[in-house]
> 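The structure follows.
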Amino acid sequence: MLVLHGGTIIDGTGGDPVTGSGLRLDGDRIAGFGTDGGTVTLDADGLTVLPGLIDLHSHLGLVDFGEVGTPPALLAAAAFANLELCLDAGFTTVRELGGLDGGMVGALRQGLVRGPRLLPSGPLLCQSGGHGDLGPSFLPHSHDVPSIPGLIQRSQVCDGPDEVRKAARMAFRHGATQLKMCVSGGVVSHNDAMEDTQFSVAEMRAAVEEARARGTYVTAHAHNADAIRMGLEAGIECFEHATYLTEEVAAQVAAAGAALDFTVSICELLREQAPEWGVPETGLPKLEGAAKAAGESLLMAREHGILVGSGSDLLGRGQNRRGLEVAHRARLVGAMAAIVTATASNARILRLDDEIGTLQAGKRADVIAVSGDPLAEPELFDDPARVVLVIQDGRIVKDTLNLAGKSPVGGS
């Protein structure tokens with residue numbers, strides 16, 4: 001039995017922080033609160049204990065942009081580094097939306113690579129000339145940076161319901177736990193606008209049918225309201241970005257019980273990192289006002305009672321700003337609401353809320369401790385050094401203060 005005592009506990013439910021208690025972990029599960037019965041006791045005095053954070057929108061394997069000929073070993077090494085950075089930032093679960101594929105899950109489960117629990121989507125499904133078809137515009141899609149099955153799958157062009165259906169089936173064959181489609185234009189696209197809609201309702205419905213046949217769902221890259229409206233008609237249950245939401249479509253999302261995964265902070269980071277992240281010159285004007293619009297859409301969604309998630313959408317190598325979205329979200333909705341979104345709400349969207357997302361007895365022992373008070377200083381989530389302890393499935397995977405080494409053995 002591992003016991004964390006002292007410090008402040010924020011359990012992810014939105015309830016008031018608790019002090020003067022402790023958290024008991026039994027193997028890979030949370031046993032409950034209190035300090036009795038510990039064989040190993042960690043002193044969390046001065047720290048804040050929270051559930052492991054969840055990122056709904058990761059691209060851990062998208063590490064190169066246009067560098068055709070990069071050796072697979074370098075791509076793998078850069079992806080492994082991103083996985084470690086993710087875990088060390090306190091994110092114990094991520095949904096991968098175009099990047100690492102199912103082959104990486106085995107490496108993580110066997111402990112060959114340090115990283116979060118990974119829920120891969122396989123390659124993002126896109127239409128010819130749409131968001132995700134990122135090769136040179138005068139050449140076929142096959143001239144884009146190639147995918148490496150078993151490691152990285154970037155995107156798959158598919159046109160018409162039959163091609164979408166086949167691409168969806170292949171994504172599941174490669175280990176996808178859900179599917180992602182691009183149903184609007186995007187910032188890093190070469191030949192479309194964020195106002196464009198992509199894929200027909202029939203094409204979207206083909207992917208939805210394949211996902212439901214496997215007991216899972218489709219999430220869709222969708223910046224504009226028309227794309228979301230079409231996606232709802234097709235049965236899509238989650239939408240990424242939702243930058244330009246409208247009141248009418250927000251009401252439709254709420255009525256359908258669908259979720260919106262906002263990625264507000266990436267609008268600022270893309271502007272700062274444009275050359276390194278492969279943002280074309282045509283993409284920079286698209287970012288004008290995008291962060292403000294995304295924030296306003298987020299507030300609109302909350303007013304409509306929509307289940308709202310949060311994702312980083314980071315790209316490239318050295319992904320060390322994963323917690324920025326939580327910090328940014330706190331400025332919009334308050335620190336506690338931002339924490340709940342990155343834990344309990346994200347777990348609900350993943351359909352894993354009976355396993356992760358809150359510190360409750362019986363759930364997986366995914367726990368982090370941060371130095372300081374994140375309610376008073378939510379910016380600390382943007383500093384991985386402030387995440388001093390990470391426990392994943394009951395195993396200590398980061399302990400910068402050597403709390404385990406200082407622990408007395410036997411009793412509390």
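Side chains included, hydrogens not; waters and symmetry mates left out as well; all remaining heavy atoms used.
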> Before we go on, tell me: are the rings of His131 and His223 under 6.0 Å apart, centre to centre?
no
> Between Arg395 and Asp28, is the closest basic N to carboxylate O distance under 4.0 Å?
no
> Do you know which two heavy atoms are closest between Leu359 and Asp366, and how far apart they sit?
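For Leu359 and Asp366, the tightest heavy-atom pair comes out as CD2-O, 4.0 Å.
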> Measure across Gly357 and Thr343 and return the closest heavy-atom pair with its distance rounded to 0.1 Å.
O-CB, 3.2 Å
> Has Asp16 got more than 12 heavy atoms of other residues, nucleotides or ligands less than 6.0 Å from its CG?
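It does not: Asp16 CG has 12 such atoms or fewer within range.
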> Could you check Arg205, Glu203, Glu209 and say which one makes a side-chain contact (heavy atoms from CB on, under 4.5 Å) with Pro161?
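The residue from Arg205, Glu203, Glu209 that satisfies side-chain contact (heavy atoms from CB on, under 4.5 Å) with Pro161 turns out to be Glu203.
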> Within a 6.0 Å radius of atom CZ on Arg348, are there more than 12 heavy atoms belonging to other residues, nucleotides or ligands?
no
> Tell me whether Asp55 contacts the main-chain N or O of Val94 through its side chain, where contact means a donor paired with an acceptor under 3.5 Å.
no
> For Asp159 and Ser128, indicate whether the former's side chain and the latter's backbone hold a donor-acceptor pair under 3.5 Å.
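A pair under 3.5 Å: yes.
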> How close do Leu269 and Arg321 get, counting heavy atoms only, and between which atoms?
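Result for this residue pair: CD2-NH1, 3.9 Å.
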> Taking side chain as C-beta onward, heavy atoms only, is Phe239 less than 4.5 Å from Asp261?
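Heavy-atom side-chain distance check fails, nothing below 4.5 Å.
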> Do we see a donor-acceptor contact under 3.5 Å between the side chains of Ser265 and Glu325?
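Checked: Ser265/Glu325 side chains pair up, N/O donor to acceptor below 3.5 Å.
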> Side chains of Asp192 and Gln198: any donor to acceptor distance under 3.5 Å?
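Short answer, yes.
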> Taking only Lys NZ, Arg NE, NH1 and NH2, and the carboxylate oxygens of Asp or Glu, determine whether Asp353 and Lys363 approach each other closer than 4.0 Å.
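Salt bridge absent between Asp353 and Lys363.
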> Looking only at the side chains, is there a donor atom on one of Gln360 and Thr358 sitting less than 3.5 Å from an acceptor on the other?
yes
> Under a 4.0 Å threshold between the charged nitrogen and the carboxylate oxygen, would Arg29 count as salt-bridged to Asp393?
no
> Going by atom types alone, do Arg329 and Ser310 pair a side-chain donor with an acceptor below 3.5 Å?
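No, no side-chain donor-acceptor contact under 3.5 Å.
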> Between Thr263 and His57, do the side chains contain a donor N or O and an acceptor N or O under 3.5 Å apart?
no
> Any ion pair linking Lys292 and Glu268 (charged N to carboxylate O, less than 4.0 Å)?
no
> Between Ser121 and Gln178, is the side chain to side chain donor-acceptor pair (under 3.5 Å) condition met? List the steps.
CA-CA 5 Å; Ser121 301; Gln178 66 284 315; 2.9 Å; yes
> Considering all heavy atoms of both residues, which atom of Pro149 and which atom of His174 are nearest to each other, and what is their separation?
CB-CE1, 4.1 Å
> Inspect the contact between Arg322 and Asp382 and indicate whether a charged nitrogen and a carboxylate oxygen are less than 4.0 angstrom apart.
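The answer is no: the pair does not qualify as a salt bridge.
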> Counting heavy atoms not belonging to Arg302, are there more than 12 under 6.0 Å from its CZ?
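Not buried by this count: 12 neighbours or fewer within 6.0 Å.
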> Out of curiosity, Glu240 CD to Met181 CE, how far, rounded to the nearest 0.5 Å?
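It comes to 13.5 Å.
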> Is it the case that the side chains of Thr92 and Gln392 hold a donor-acceptor pair, with the cut-off being a distance below 3.5 Å and no angle test?
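No, because no side-chain N or O of Gln392 sits under 3.5 Å from a partner of the opposite role on Thr92.
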> Return yes if some donor-acceptor pair links the side-chain N/O of Thr243 with the main-chain N/O of Ala290 below 3.5 Å, else return no.
no
> Specify the closest pair of heavy atoms between Pro120 and Asp101, including all atoms of both residues, with the distance to one decimal.
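Scanning both residues completely, I find the closest heavy atoms to be CB-C, 4.0 Å.
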> Check whether Arg154 reaches the backbone of Leu62 with its side chain - one donor and one acceptor, N or O, closer than 3.5 Å.
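The answer is no, because no donor-acceptor pair under 3.5 Å joins these two groups.
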> Please check if the number of heavy atoms outside Arg214 that lie under 6.0 Å from its CZ is greater than 12.
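Counting neighbours around CZ of Arg214, more than 12 heavy atoms of other residues, nucleotides or ligands fall under 6.0 Å, so yes.
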> Where is the tightest heavy-atom contact between Leu100 and Glu96, given as atom of each residue plus distance?
N-OE2, 2.8 Å
> Does a salt bridge link Asp226 with Arg229, judged by any charged N lying under 4.0 Å from a carboxylate O?
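Result for this pair is yes, salt bridge flagged.
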> Do the side chain of Lys398 and the main chain of Val387 share a donor and acceptor less than 3.5 angstrom apart?
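Yes; at least one donor-acceptor contact below 3.5 Å.
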> For the pair Ser58 (side chain) and Leu60 (backbone), establish whether a donor and an acceptor sit closer than 3.5 Å, ignoring hydrogens and angles.
no
